[in-house]
Amino acid sequence: MIRNVLIALLVVAVAGTGYWGYKQQQEKNAIRIQSENNYQRAFHDLNFNIDALHDKIGETLAMNSKRQISPTLAQVWRLTSEAHNNVGQLPLGLLPFNKTEDFLTKMGDFSYRVSLRDLEKKPLTDKEYNKLKELYANSSNIQDELRKTEAVASKKDIRWTDVEMALSKKDQPQDNTIIDGFKTVDKSSQGYGETDFGPEVASMHNAKKRNVNKLEGRNITKEEAKKEAIKFFQLKKNVKITVKETGKGSQYRAYSITMYNPDTKATTYMDVTKKGGYPLWVLQDRKVGAQKISVNKAQEEAIKFLNMHMKSKMEVVSANQYDNIAVFTFVSTKDGVRIYPDTVSIKVALDNGDIMGYQGTDFLTSHYDRKIPSATITEKQARAKLNPKFKVMEKHMAIIQNDIKQEVYCYEFLGVLGDETYIIYISAQNGDEEQVKKLREGQPDYASM
């Protein structure tokens with residue numbers, strides 16, 4: 001009797017295990033199918049956008065109406081942006097596709113800048129027209145190579161997930177159609193990337209490419225990174241610290257540091273650049289108790305912390321409270337001008353004033369010794385560009401980045417329109433309305449506390 005019961009239980013267990021394994025396999029297949037569908041869609045969209053890009057450039061060449069050229073070039077810019085987005089959704093992290101992306105970026109910047117210009121007053125030059133002809137031919141070549149890759153991959157029923165798996169394992173896929181196709185596209189794009197799009201586009205492109213690899217200093221060791229963390233937080237010897245180097249696929253070469261303080265039971269995470277040993281970001285993981293200090297006091301702690309670690313003069317431009325944590329945003333200043341690309345964020349615990357978080361990546365990738373330009377229009381002329389119903393409360397001078405990451409020297413006006421608060425940036429060079437920001441309720445973007 002007992003033997004029969006045991007056999008029955010064993011059969012049930014085997015059947016249950018088999019069913020569980022079957023369900024697991026089904027779920028894996030479902031995820032795989034979903035990933036494959038997403039990759040196929042992104043690749044199809046990439047081909048569609050490159051086709052449309054080629055057509056739009058051709059339409060621009062055929063146009064004689066200056067009124068029509070600007071919106072068409074704006075569409076070229078939009079399509080290059082969408083093509084970038086499509087590439088980002090494909091498993092191409094280990095494939096050499098940077099030359100093509102570089103070319104698409106420059107093409108987008110060129111078309112955007114020309115589309116913004118008043119072509120009635122400043123029509124296309126012969127050089128710009130010839131540049132468009134080059135872009136038309138280049139996009140045609142990219143279009144042909146992508147079509148070939150798509151056709152062969154479809155004919156052989158090659159799956160993107162197989163390519164992704166092979167690349168992640170550093171194996172050689174059984175069929176290299178997709179990889180070889182993209183290598184050919186990128187090799188073709190290499191020559192296009194050297195195309196001279198003019199100094200304005202070049203400066204925009206270089207601004208976008210600023211990164212932590214351009215920092216000053218030598219490469220530090222793991223032990224030096226550990227010492228940097230101890231110095232940064234003025235830690236005691238009993239704090240346990242582990243250091244590991246970030247992987248090759250990371251955005252920047254850095255050391256990831258984990259610190260455990262047995263006194264506070266808090267764990268703090270930190271990234272330090274390998275080059276120069278600059279802190280990128282910090283995050284402390286602990287439960288924050290009831291609020292015991294004011295936001296003003298927390299701001300003083302944040303300023304004290306910055307004064308210890310930052311050589312640049314910094315000014316607080318926003319202060320917000322989330323539960324029992326205050327978050328402050330600082331920007332560097334020079335000659336009284338706020339430099340918004342050089343941004344640092346700090347989180348402060350409102351139970352004891354601890355620094356809970358620090359984000360300095362934007363500052364490190366953007367900061368350099370800028371020469372502040374002279375304004376070519378007066379404040380009075382800039383105010384005349386504002387909506388007459390906009391009531392100005394504060395005015396500052398600022399350097400901001402526009403939507404294509406180009407730095408612009410501006411008059412910065414904080415004010416109200418109706419029941420809403422806005423910040424409006426008027427170019428100090430030509431009076432253009434560069435940017436409008438609506439502030440959320442309870443969001444003091446100027447912490448004059």
Side-chain angles (χ1 to χ4, degrees), residues 210-212 215-217 220 224-236 239-246 250-261 263-288 291 293 295-333 338-367 445 447 449:
R210 286 187 61 85
N211 55 54
V212 296
L215 295 174
E216 295 180 353
I220 64 171
E224 287 172 321
K226 183 177 178 179
K227 289 179 181 178
E228 183 62 40
I230 293 171
K231 177 184 173 184
F232 195 72
F233 289 102
Q234 299 178 315
L235 297 174
K236 297 179 181 178
V239 174
K240 298 178 181 178
I241 303 176
T242 59
V243 183
K244 65 178 182 178
E245 192 170 349
T246 56
S250 301
Q251 184 180 358
Y252 41 75
R253 297 184 68 192
Y255 291 111
S256 291
I257 302 171
T258 303
M259 296 160 279
Y260 176 71
N261 189 334
D263 296 335
T264 62
K265 309 297 183 186
T267 301
T268 303
Y269 305 93
M270 177 182 187
D271 264 15
V272 174
T273 62
K274 189 170 184 179
K275 187 174 183 181
Y278 298 92
L280 285 161
W281 59 267
V282 173
L283 182 64
Q284 186 183 112
D285 183 16
R286 74 167 175 86
K287 186 176 180 179
V288 180
Q291 180 174 349
I293 66 172
V295 174
N296 279 339
K297 178 61 178 175
Q299 181 175 312
E300 290 175 9
E301 293 297 325
I303 292 173
K304 188 190 303 181
F305 181 80
L306 273 185
N307 288 340
M308 288 173 56
H309 300 293
M310 303 286 290
K311 294 180 181 178
S312 299
K313 186 178 180 182
M314 306 295 289
E315 180 178 338
V316 63
V317 292
S318 76
N320 294 282
Q321 182 176 345
Y322 303 96
D323 295 327
N324 295 328
I325 293 178
V327 181
F328 304 97
T329 301
F330 294 81
V331 297
S332 68
T333 63
R338 293 175 165 180
I339 304 173
Y340 277 93
D342 296 358
T343 303
V344 170
S345 297
I346 295 180
K347 294 182 180 180
V348 181
L350 295 177
D351 57 356
N352 63 3
D354 274 356
I355 303 299
M356 297 289 294
Y358 166 85
Q359 177 56 263
T361 306
D362 287 344
F363 180 90
L364 288 176
T365 56
S366 300
H367 181 67
D445 212 73
M449 305 176 179

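Count residues from 1 along the sequence. Side-chain atoms are counted along with the backbone in the values below, which use heavy atoms only and exclude waters and symmetry mates. Quantities reported herein were computed from a predicted structural model and do not represent experimental measurements.
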Roughly how far apart are [X] [atom1] and [Y] [atom2], rounded to 0.5 Å?
{"X": "Met356", "Y": "Asn324", "atom1": "CE", "atom2": "CG", "answer": "10.5 Å"}
{"X": "Ile293", "Y": "Glu301", "atom1": "CD1", "atom2": "CD", "answer": "6.0 Å"}
{"X": "Gln321", "Y": "Gln291", "atom1": "CD", "atom2": "CD", "answer": "4.5 Å"}
{"X": "Lys240", "Y": "Asn261", "atom1": "NZ", "atom2": "CG", "answer": "11.0 Å"}
{"X": "Ile303", "Y": "Met310", "atom1": "CD1", "atom2": "CE", "answer": "13.0 Å"}
{"X": "Glu315", "Y": "Ile339", "atom1": "CD", "atom2": "CD1", "answer": "11.0 Å"}

Could you work out, with side chain to side chain contact (heavy atoms under 4.5 Å, CB included) as the rule, every residue matching Ala302, not counting sequence neighbours?
Phe328, Phe330, Ile346, Val348
At their closest point, which heavy atom of [X] faces which heavy atom of [Y], and how far apart are they?
{"X": "Ile241", "Y": "Val243", "result": "CG2-CG2, 4.1 Å"}
{"X": "Ile325", "Y": "Leu350", "result": "N-CD1, 4.0 Å"}
{"X": "Leu364", "Y": "Pro279", "result": "CD1-O, 3.5 Å"}
{"X": "Met259", "Y": "Ala229", "result": "SD-CB, 3.9 Å"}
{"X": "Val316", "Y": "Arg338", "result": "O-NH2, 4.4 Å"}
{"X": "Thr343", "Y": "Tyr340", "result": "OG1-O, 2.5 Å"}

Among all residues two or more places apart in sequence or in another chain, which pass the side-chain hydrogen bond (donor to acceptor under 3.5 Å, both in side chains) test with Thr268?
none
Just so I know, are the side chains of Ile257 and Val272 near enough to count as touching, which here means a heavy-atom distance under 4.5 Å?
yes
Indicate yes or no: at least one non-hydrogen side-chain atom of Tyr358 is less than 4.5 angstrom from one of Val344.
yes
Using the rule given for salt bridge (Lys or Arg N to Asp or Glu O under 4.0 Å), can you reason through Glu228 versus Lys231, listing the C-alpha separation, both sets of side-chain angles and the distance that settles it, and then say yes or no?
CA-CA 5 Å; Glu228 183 62 40; Lys231 177 184 173 184; 5.0 Å; no
Given the rule in the salt bridge (Lys or Arg N to Asp or Glu O under 4.0 Å) test, do Lys304 and Glu300 qualify, once you have shown the distances and angles that lead to the verdict?
CA-CA 6 Å; Lys304 188 190 303 181; Glu300 290 175 9; over 6 Å; no
Check step by step if side-chain hydrogen bond (donor to acceptor under 3.5 Å, both in side chains) holds for Asp342 and Ser366.
CA-CA 6 Å; Asp342 296 358; Ser366 300; 4.8 Å; no
Take Arg286 and Asp351 through the test salt bridge (Lys or Arg N to Asp or Glu O under 4.0 Å) and record every step on the way to the result.
CA-CA 12 Å; Arg286 74 167 175 86; Asp351 57 356; 3.0 Å; yes
Verify side chain to side chain contact (heavy atoms under 4.5 Å, CB included) between Gln284 and Thr267, making sure each step is shown before the conclusion.
CA-CA 6 Å; Gln284 186 183 112; Thr267 301; over 6 Å; no
Dump the intermediate steps for side chain to side chain contact (heavy atoms under 4.5 Å, CB included) on Tyr255 and Lys274, then the final yes or no.
CA-CA 6 Å; Tyr255 291 111; Lys274 189 170 184 179; 3.6 Å; yes
For the residue pair Phe305 and Phe232, is the inter-centroid distance of their aromatic rings smaller than 6.0 Å?
yes
Show your working on side chain to side chain contact (heavy atoms under 4.5 Å, CB included) between Thr273 and Leu280 and close with a plain yes or no.
CA-CA 7 Å; Thr273 62; Leu280 285 161; 3.6 Å; yes
Under the side chain to side chain contact (heavy atoms under 4.5 Å, CB included) rule, what do Phe363 and Ser312 come out as? Steps first, then yes or no, please.
CA-CA 10 Å; Phe363 180 90; Ser312 299; 3.5 Å; yes
